[in-house]
Amino acid sequence: MPELKRLHAGHAPAVLAFELANRAYFAASISDRGDDFFGQFTSGYNASLAEQEAGICAFYVLVAEDGSVLGRFNLYDLEDGTARLGYRVAEQVAGRGVATTTVRELCRMATAMHGLRTLRAATSHDNAASRKVLAKAGFVPVGPANPADLGGKSGTWYQRDLQP
């Protein structure tokens, strides 16, 4: 059974393998991370861990029994009880409810572990899978997303008010 775990330094090789193995799959529906992301992976990863340590963000990985990463689920800009949610799951588990189940779990954790009251997430109009995940996880549309928030694509912001 996959387990949602707080990101730590030891996850780096599995996270890089996950990003590389799914790069083309992700690029079909969201902006590609670009060659610099991969070329500077270690420094970017360490910067993310520093942001997490500072309480600015909280990063999680969905880890399979064999130690491989099946998904990334991130809370960005934790401030005043609110954060932005970002997530991506491996092509091999897409369409099986893994993202929806894990987003729901992260919503519970966001309240219990981070004291959050509201989560927001933006998705592009052409990312039907992500829109479905957000709706099934209790998010409601709250307005248009700026293309700058979505790699140049138009989309919608979604929000979920969390229960303590």
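In this chain, numbering begins with 1 at the start of the sequence shown.
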Residues 36-49 vs salt bridge (charged side-chain N to carboxylate O under 4.0 Å, His left out), sequence neighbours excluded, gives none
In short, N74 meets Y60 closest at the heavy-atom pair OD1-N, 3.7 Å
side-chain hydrogen bond (donor to acceptor under 3.5 Å, both in side chains) pairs touching residues 37-49, sequence neighbours excluded, are none
| query | Are D80 and T82 close enough that a side-chain donor and a side-chain acceptor fall under 3.5 Å? | reply | no
By side-chain contact (heavy atoms from CB on, under 4.5 Å), A83 pairs with (sequence neighbours left out) L75, L78, L116, L119
Problem - Student check: side-chain heavy atoms of R23 and F38 closer than 4.5 Å - result: yes
message: As a quick check of understanding, evaluate side-chain contact (heavy atoms from CB on, under 4.5 Å) for Q163 and T111, giving each step before the final call.
response: CA-CA 7 Å; Q163 303 300 317; T111 300; over 6 Å; no
* Tell me, with the steps shown, if E3 and L62 meet side-chain contact (heavy atoms from CB on, under 4.5 Å). => CA-CA 5 Å; E3 187 179 349; L62 186 64; 5.7 Å; no
Tracing side-chain contacts under 4.5 Å among Ile, Leu, Val, Met, Phe, Trp and Tyr outward from V142 reaches V140, W157
Members sharing M1's hydrophobic cluster, built from side-chain contacts under 4.5 Å between Ile, Leu, Val, Met, Phe, Trp and Tyr, are none
The side-chain contact (heavy atoms from CB on, under 4.5 Å) partners of T101 (sequence neighbours excluded) come to none
Residues passing the side-chain contact (heavy atoms from CB on, under 4.5 Å) test with A64, sequence neighbours excluded, are D66, S68, L70
Hits for side-chain contact (heavy atoms from CB on, under 4.5 Å) against P141, two or more places apart or cross-chain, chain-then-number order -> T156, Y158
Do you reckon L150 sits in the same ILVMFWY cluster as Y76, going by side-chain contacts under 4.5 Å, direct or chained?
-> no
(message) So H11 and V61, do their side chains get closer than 4.5 Å, heavy atoms only?
(response) yes
Residue pairs passing the salt bridge (charged side-chain N to carboxylate O under 4.0 Å, His left out) test with at least one member in residues 87-96, sequence neighbours excluded, are E19-R88
Contacts of Y25 meeting side-chain hydrogen bond (donor to acceptor under 3.5 Å, both in side chains) (sequence neighbours excluded), chain-then-number -> none
CZ of R72 to OG1 of T102, rounded to nearest 0.5 Å, is 14.5 Å
Considering only distance and modelled atom types, tabulate donor-acceptor pairs under 3.5 Å from the side chains of residues 129-138, sequence neighbours left out.
unit_1	atom_1	unit_2	atom_2	d
S130	OG	Y87	OH	2.6
S130	OG	T123	OG1	3.4
R131	NH1	H125	O	2.2

Rounded to the nearest 0.5 Å, the CZ atom of R120 sits from the CG atom of D161 at a distance of 10.5 Å
Review point. So do the side chains of P2 and E65 get within less than 4.5 Å of each other, counting heavy atoms only?
Key: no
Taking every heavy atom of G67 against every heavy atom of A14, the minimum-distance pair comes out as O-CB, 3.7 Å
Considering residues, nucleotides and ligands other than D35, do more than 12 of their heavy atoms fall under 6.0 Å from its CG? no
What pairs of donor and acceptor atoms, side-chain ones from residues 50-58 against any protein atom, are under 3.5 angstrom apart with sequence neighbours left out?
unit_1	atom_1	unit_2	atom_2	d
Q52	OE1	R6	NE	3.0
Q52	OE1	F59	N	2.7
Q52	NE2	L7	O	2.9

Smallest heavy-atom separation, D126 atom then S124 atom, equals OD1-OG, 2.5 Å
Closest non-hydrogen atoms of F73 and V89, given as atom of the first, atom of the second and distance, are CZ-CG1, 3.6 Å
